[in-house]
Structure formats: C-alpha cells, structure tokens
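Let me begin by presenting the structure, written as structure tokens, before commenting on it.
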Amino acid sequence: MSTTTNLEPNQDLIERVARRRRRQKTEQKAVTVLLFLAALISIFTTVGVVILLVSQSAGFFAEVSIWKFLTGTEWAPHLSPEKSGVLELVGGTLLVAVVAGIVALTLGLGAAIFLSEYAPEKLRRILKPILEVLAGIPTVVYGYFALTFVTPIFQTLFGAEQVSIFNALSAGIVMGLMIMPMVSTLSEDAMVAVPRSLRDAAYALGATRFEVATKVVMPAALSGIVASFILAMSRAIGETMIVKIAAGAQPNLTLNPLESIQTMTAYIVQISGGEAAQGSFEYKTIFAVGLLLFTMTLLMNIIGRWVISRFRQEYE
Amino acid sequence: MNKPNMLNRSRNTWHTIRVWRDRLFVVGFVMSVAIGILGLAALLIDILADGLPYLNWNFISSYSSYEPTEAGILGPLGGTLWIAGLTALFTIPLGVGTAIYLEEFATKNRLNRLIELNIANLAGVPSVIYGLLGLAMFVQFLFGGSRNVTAGALTMTLLVLPIVVIASQEAIKAVPASYRDAAYAMGANRWQVVKSVVLPQAMPGMMSGIILALSRAIGESAPILIISSLVVVTFVPTTPDSSFTVLPLQIFTWIGHQNPEFRGIAAAAIIVLLGLLLTMNGIAIWIRNKYQVRPEQ
C-alpha cells in the first residue's frame with residue numbers, strides 16, 4: 001500500500017519547487033537590472049560632465065571665439081569679454097605642473113630604481129608605505145605647508161623682494177612631493193615586472209648595478225615609466241587647493257616661478273565660490289576654462305593608459 | 001710592449017669610472033627616497049609645531065569665532081562626519097553594485113567595455129570639475145539652489161565612486177574560481193553564488209577600498225569649496241538638507257585669514273584632520289591584514 005503512494009509523484013512538492021525556481025529566477029533578473037543601472041551611473045556622470053561644460057560654455061563662446069580664447073594673452077574677463085585670453089591661466093598651470101613634474105620625476109624615478117634594484121625586500125616593505133603616505137595627505141595640508149614652510153625658505157634664500165609670498169615655485173615643489181609616490185609606485189611596478197634573467201645576463205657581462213638599472217631595466221620598463229609620468233602630470237594640472245593657497249590669484253604669463261600666478265583650477269574655485277553672479281559673463285567663463293581643463297586631463301589620461309597597453313613588454 | 005700597457009691602463013681608468021659612477025648614483029637614488037621621507041617629516045613637524053599649542057578640548061567642542069583663541073571646529077567636524085556618512089550610504093551600494101555587475105554579470109560586449117573604460121577615465125577627472133557638476137546638477141537642479149550637505153555628499157559620491165568600483169573589482173577577482181564552481185555545482189544560480197559565496201569572501205577587500213575612498217572624500221576640499229561656499233558655520237548640521245562646511249574648507253578659510261594667528265588654529269585643525277584620516281587608514285589596513293587570508297589556489 002505504502003509503496004504505491006511513494007511511487008506516485010508528489011504534486012504538492014513539485015509545485016513548491018517550481019514556484020521557488022520561478023521566484024529565484026525573477027529575483028536574479030531584478031538584481032541584474034539593478035546592478036546594471038548602478039553601472040550606468042558612471043556613464044551618466046561622464047555624459048553629465050560633458051553636457052554641462054559644453055552647454056554652459058556655449059554662452060561664453062557666443063561672445064568670444066574659440067580661437068581668441070585659446071590664443072589671447074590677457075585674462076581679465078571681469079573687465080571686458082575682449083580680455084578673455086586663457087593663455088595666462090594655461091601658462092600658470094603649466095608652470096606649476098612643470099616644476100612639480102621635475103620634482104616628481106627626479107625623486108620618483110630615483111626612488112623607484114632604489115626600491116626595485118637596490119633595496120632589500122625588508123627595507124622595501126617599510127619604505128614603500130611611508131612614501132605612499134605622501135599621496136594620502138589632503139591637498140589643503142600641502143597648501144599650508146607650501147605657504148608657511150617652503151615659501152619662507154625661498155624668501156630667505158633669494159631675498160623677500162625677489163620672491164612673492166604666493167609663488168609658483170613653492171606650490172610646484174610641494175605638489176611634486178605629493179605626486180612623487182604616483183610616479184615611484186607605477187614605475188616600480190613596471191621595473192619589478194622586468195624578468196630576473198635579463199638582469200642576470202647583464203651582470204654576467206660585467207655590468208655594474210647602475211648600468212643594469214639604466215641600460216637594461218629602465219628601457220624594458222620605459223612604457224610604465226612614461227605612463228606614470230603622464231598620469232602624474234595630469235594630476236598636477238587638475239590639482240586645486242595647493243595652487244589656490246600658495247600660488248596666488250594673479251593671471252600672469254611668465255616663466256619666472258618666483259612670481260605670483262593663477263592656474264585654471266584656482267580661477268574656477270575663485271569665481272564659483274560666490275564672487276560672480278550666476279548668469280553673468282564672468283560666471284560663464286568658468287565653464288569654458290573647465291571644458292579646457294577637462295579636455296587636457298582627459299587627453300593625458302587616455303594617452304597615459306594607451307602607452308601602458310600599447311608598449312608593454314610581455315615576458316614569459 | 002707599450003701598446004697593451006696603455007690599453008690596460010685606459011681599461012683600468014674606465015673601470016674605476018664605472019665603479020665610482022655606480023657608487024655615486026646609489027647615493028642619488030637613496031637621496032630621492034630620503035628627500036621624500038624628509039619632506040613628509042618636515043610637513044608633519046611644521047604642522048605639529050604650529051598647531052599643538054592651540055589644540056585642546058575646547059578647540060574641538062566649540063564653534064568658530066572671530067577670536068582665534070576661542071575658535072573651535074565643532075561645526076566643520078560635524079559637517080565632515082555628515083559628508084562621510086552620507087557618502088558611504090550612497091557610494092557603497094552603487095560602487096559595489098557596479099563592481100559585481102562588471103565582474104560577475106556583464107558579458108564582454110561593447111557597452112560593458114565602455115563602462116570599464118569610462119570608470120578608469122572618471123578616476124582622472126579633476127575634482128573641481130566634479131564641483132561644477134555638483135553645483136549644476138545637485139545644488140541648482142535637484143535642490144533648487146539649496147547648498148545642503150546632501151548635495152555635497154552626492155558630489156563626493158561621484159568623485160570617489162571609481163575608487164570604490166576599482167577596489168571592489170580587485171576584491172571580487174581575488175575570490176578563487178573554484179569557490180564559484182563549487183556553488184554552481186550545487187545548483188545555485190548566478191545571484192545566489194554572488195550573494196552567498198563571492199560577496200562574503202570579497203568583503204574585507206571591499207571594506208578597505210571603501211574606507212580609503214571615504215578618507216579621500218573627507219580630505220577633499222575643492223568641490224566643497226564650490227558647493228558649500230560657507231565661511232563661518234556655528235552649528236552642526238541636523239538634517240540632510242542643512243547647510244554645512246567641512247574641516248578642510250575651514251582650514252582653507254583660516255589659512256587665508258588676515259590675522260596670522262588664525263594660521264595656528266588652521267594647523268591645529270589639520271592635526272585633527274590628519275588624526276581622523278590616520279585612524280581610518282589604520283582601520284583599513286587592519287581589516288585587510290586580519291581578514292584577507294589568501295586561500296591556497
């Protein structure tokens with residue numbers, strides 16, 4: 001008796017299992033859609049940035065031609081739309097970025113070579129995190145350091161009348177310190193990836209450690225080094241608080257880093273921080289400057305990553 | 001007789017030059033590391049020397065004032081905690097969700113490759129640009145001109161989202177494929193595998209990424225400078241639509257103050273900010289070391 005009932009399919013159980021399967025399927029479908037929407041947020045952000053910058057600067061470019069904006073050498077849009085030549089801001093930005101780049105490339109590359117070629121593993125494990133602390137310090141703190149510590153040193157060295165309180169040199173040097181770990185970490189990763197056998201071959205030919213580092217490891221890791229430098233420079237161009245605090249608010253096309261300058265980023269926060277009425281011509285200028293800044297950093301980032309992927313040496 | 005000798009001598013000099021060049025550059029490389037570390041030390045000493053005299057309980061528990069000896073950081077400290085909390089609330093589901101989608105659900109099609117590329121690019125967009133976006137999208141469009149703490153947190157969310165996504169992706173990638181296979185073999189569907197196998201395993205890595213992203217949000221001031229534009233705040237935000245300022249912004253304001261004595265309290269506020277960041281980073285490292293036991297593969 002009992003055997004016959006056991007052989008009969010349990011309709012209730014089958015029904016329950018099927019219902020549960022259906023519920024799990026719906027749940028999975030719902031979750032997939034939700035997760036996809038979360039991923040789309042990043043696309044919306046980029047689209048939002050581009051639409052915002054282009055649409056808001058359209059009013060500016062209606063009054064000032066793009067050519068005039070990019071090649072004019074006088075920046076005083078609060079006086080007249082005629083004086084909307086962004087070169088003064090671009091020049092200031094590049095001056096600080098070049099100082100920062102020189103500091104970051106020299107120190108970062110030196111540190112990367114030391115850490116990957118010379119330092120014993122134990123020392124490397126201690127030094128690397130200490131250097132990376134530099135990248136985690138808030139930029140406003142670097143600004144304070146540049147203004148209250150570095151600038152007074154230069155004023156004592158070169159004389160107070162030579163060195164403006166707000167100058168490109170202090171801001172650039174301190175910014176170089178900030179982006180140095182970026183150069184050293186990325187470069188070191190590229191150098192560590194160079195296989196041991198290449199080094200051993202050079203040593204067997206009688207090369208010194210310096211020769212191995214500069215003639216074997218560095219050329220093999222060149223794409224990583226170049227990319228680290230481009231990405232660090234892009235970071236320097238987009239950096240705001242250090243230059244806002246320590247480099248000044250004076251649009252100035254100069255090659256003398258001891259003078260006061262103004263960068264694109266510092267101009268944007270100066271105006272958007274409430275100095276200009278919304279809808280005024282001056283207010284429109286920040287979006288034109290922002291668009292230029294966005295384009296410059298985006299190009300550098302794309303080139304940097306392209307260099308990494310295109311020229312990376314693959315070793316067995 | 002003479003010729004090999006000369007060759008020998010020039011070889012010897014060349015060898016000496018090479019050896020000395022090697023030694024000289026070792027010094028140079030050590031110096032680069034040393035300058036980096038000395039720079040960090042100088043920065044910390046400078047700030048401690050300037051700020052410690054002003055640092056006391058009163059400084060943390062009172063509001064800003066026009067009198068430097070009476071001024072405190074309660075208002076901006078409250079704002080910073082609000083920003084951190086709200087940013088975490090928005091960032092964690094979005095960032096972790098994006099990472100799960102890209103690693104576990106996405107097929108390798110064009111749209112998904114575009115999303116990944118786009119996230120990498122967003123990580124390189126300057127923070128002022130996010131400030132402009134936040135001002136237009138959140139302050140003016142969403143909140144009708146109210147410069148409130150939610151608008152600030154939403155802006156910070158967009159800023160740190162790429163960091164959380166990339167860190168979470170790394171954490172998910174580190175979960176061995178065999179774990180997933182075992183779960184699939186038991187008849188679990190994709191979401192069940194993610195929910196009960198991948199996420200618990202990847203949690204410590206994700207947590208440390210999230211904490212690092214939040215410490216970035218706490219230290220960032222340029223976007224908040226655009227969005228908040230408040231100089232003196234004598235209240236702690238109580239509702240999500242309250243206006244606010246944050247610690248780095250208060251520090252910035254005090255650095256620029258005409259009265260040089262305000263630089264001292266700026267340095268004291270920097271000590272508090274660095275202390276906060278150090279604690280968060282310490283927790284992130286602790287979590288990583290405690291829980292991230294690599295299973296043998």
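Residue numbers begin at 1 in each chain, while the letters A, B, ... track the order of the sequences.
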*Which atoms form the tightest heavy-atom contact between B:G124 and A:S234, and what is the distance?*
O-OG, 4.4 Å
*asked:* Could you tell me if the side chain of A:Y144 sits less than 4.5 Å from the side chain of B:I270, heavy atoms only?
replied: yes
*pair B:F252-A:K244: side-chain heavy atoms closer than 4.5 Å*: yes
_With a 4.5 angstrom heavy-atom cut-off, is it the side chain or the backbone of B:Q140 that approaches chain A, or both, or neither?_
side chain
*Minimum heavy-atom separation for A:A38 to B:G97, with atom names?*
CB-C, 4.3 Å
*asked:* Is it true that, when you exclude B:R23 itself, more than 12 heavy atoms of the residues, nucleotides or ligands shown sit nearer than 6.0 Å to its CZ?
replied: yes
*asked:* When you compare the side chain of A:Y142 with that of B:L43, does any pair of heavy atoms fall below 4.5 Å?
replied: yes
*asked:* Counting only non-hydrogen atoms closer than 4.5 Å, does B:A120 touch chain A with its backbone (N, CA, C, O), its side chain (CB onward), both, or neither?
replied: both
*Can you tell me how far the CD1 atom of A:I113 sits from the CZ atom of B:F25, to the nearest 0.5 Å?*
9.0 Å
*Contact part of B:L24 toward chain A, heavy-atom cut-off under 4.5 Å: side chain, backbone, both or neither?*
neither
_Just to be sure I understand the criterion: a residue of residues 272-281 of chain B counts if one of its heavy atoms is under 4.5 Å from a heavy atom of chain A. Which ones qualify?_
B:L273, B:L274, B:L277
*Would you say B:N189's side chain and A:K25's backbone share a donor-acceptor pair under 3.5 angstrom?*
no
*Under 4.5 Å from a heavy atom of chain A, the part of B:L133 involved*: both
_Between CZ on residue A:F36 and CD1 on residue B:I100, distance to nearest 0.5 Å_ = 15.5 Å
*Within a strict 4.5 Å, meaning less than it, do heavy atoms of the A:V31 and B:R190 side chains meet?*
no
*Counting only heavy atoms closer than 4.5 Å, note whether B:A42 contacts chain A via side chain, backbone, both or neither.*
both
*B:R263 versus A:L147: any side-chain heavy-atom pair under 4.5 Å?*
yes
*Heavy-atom distances under 4.5 Å only: say whether A:Y118 touches chain B with side chain, backbone, both or neither.*
side chain
*Pick one of side chain, backbone, both or neither for A:L177, based on which atoms fall under 4.5 Å of a heavy atom in chain B.*
side chain
*Run the numbers on B:S32 and A:T106 for side chain to side chain contact (heavy atoms under 4.5 Å, CB included), then give the verdict.*
CA-CA 7 Å; B:S32 343; A:T106 329; over 6 Å; no
_Greatest number of heavy atom pairs closer than 4.5 Å to chain B - which of A:M180, A:R305, A:E27, A:R235_ = A:R305
*chain B-proximal positions within residues 289-301 of chain A [heavy-atom distance under 4.5 Å]*: A:G290, A:L293, A:F294, A:T297, A:L298, A:N301
*Heavy-atom pair with the smallest gap, counting every atom of A:L131 and B:V33*: CD2-O, 4.2 Å
_Part of B:F105 lying under 4.5 Å from any heavy atom of chain A_ = side chain
*Hey, is CZ on A:F44 packed in by over 12 heavy atoms from elsewhere, all under 6.0 Å?*
no
*Output the distance between atom OG1 (A:T32) and atom OH (B:Y101), rounded to the nearest 0.5 Å.*
8.5 Å
*Which atom pair, heavy atoms only, marks the closest approach of B:G36 to A:L134?*
O-CD1, 3.8 Å
*Residue pair B:G219 / A:P138: nearest heavy atoms and the distance that separates them*: O-CB, 3.5 Å
*Would you sort out whether B:V26 and A:R209 count as a side chain to side chain contact (heavy atoms under 4.5 Å, CB included), showing the intermediate values?*
CA-CA 9 Å; B:V26 176; A:R209 274 183 306 182; 4.0 Å; yes
*Can you tell which of B:L158, B:V125, B:L161 makes a side-chain contact (heavy atoms from CB on, under 4.5 Å) with A:T45?*
B:L158
_Taking every non-hydrogen pair under 4.5 Å, which of B:P162, B:A267, B:A123, B:G95 racks up the most with chain A?_
B:A267
*asked:* Using 0.5 Å steps for rounding, measure from the CG atom of A:L52 to the CZ atom of B:F141.
replied: 12.0 Å
_Derivation of the side chain to side chain contact (heavy atoms under 4.5 Å, CB included) call for B:N121 and A:T46_ = CA-CA 9 Å; B:N121 276 327; A:T46 309; over 6 Å; no
_Given heavy-atom pairs under 4.5 angstrom as the criterion, report whether the side chain, backbone, both or neither of A:L34 touches chain B._
neither
*Between B:V128 and A:M264, is any pair of side-chain heavy atoms under 4.5 Å apart?*
no
*Between A:F149 and B:D46, what is the shortest heavy-atom contact and its length?*
CB-OD2, 3.6 Å
*Please examine the side chains of B:I115 and A:S42, heavy atoms only from C-beta on, and report whether any two atoms are closer than 4.5 Å.*
yes
*Name the option with the most non-hydrogen atom pairs under 4.5 Å to chain A; the candidates are B:L132, B:L102, B:I35.*
B:L132
*Side-chain contact, heavy-atom cut-off 4.5 Å: B:F90 with A:I41?*
no
*Given the rule in the side chain to side chain contact (heavy atoms under 4.5 Å, CB included) test, do A:L127 and B:I37 qualify, once you have shown the distances and angles that lead to the verdict?*
CA-CA 9 Å; A:L127 290 179; B:I37 292 173; 3.5 Å; yes
_As an exercise, state the distance from CG of B:L94 to CG of A:L35, rounded to the nearest 0.5 Å._
10.5 Å
*Above 12 or not: heavy atoms from other molecules or residues under 6.0 Å from CZ of A:R125?*
no
_Nearest-0.5 Å distance, OG1 of residue A:T139 to CD of residue B:E220_ = 5.5 Å
*What part of A:T240 lies closer than 4.5 angstrom to a heavy atom of chain B: side chain, backbone, both or neither?*
side chain
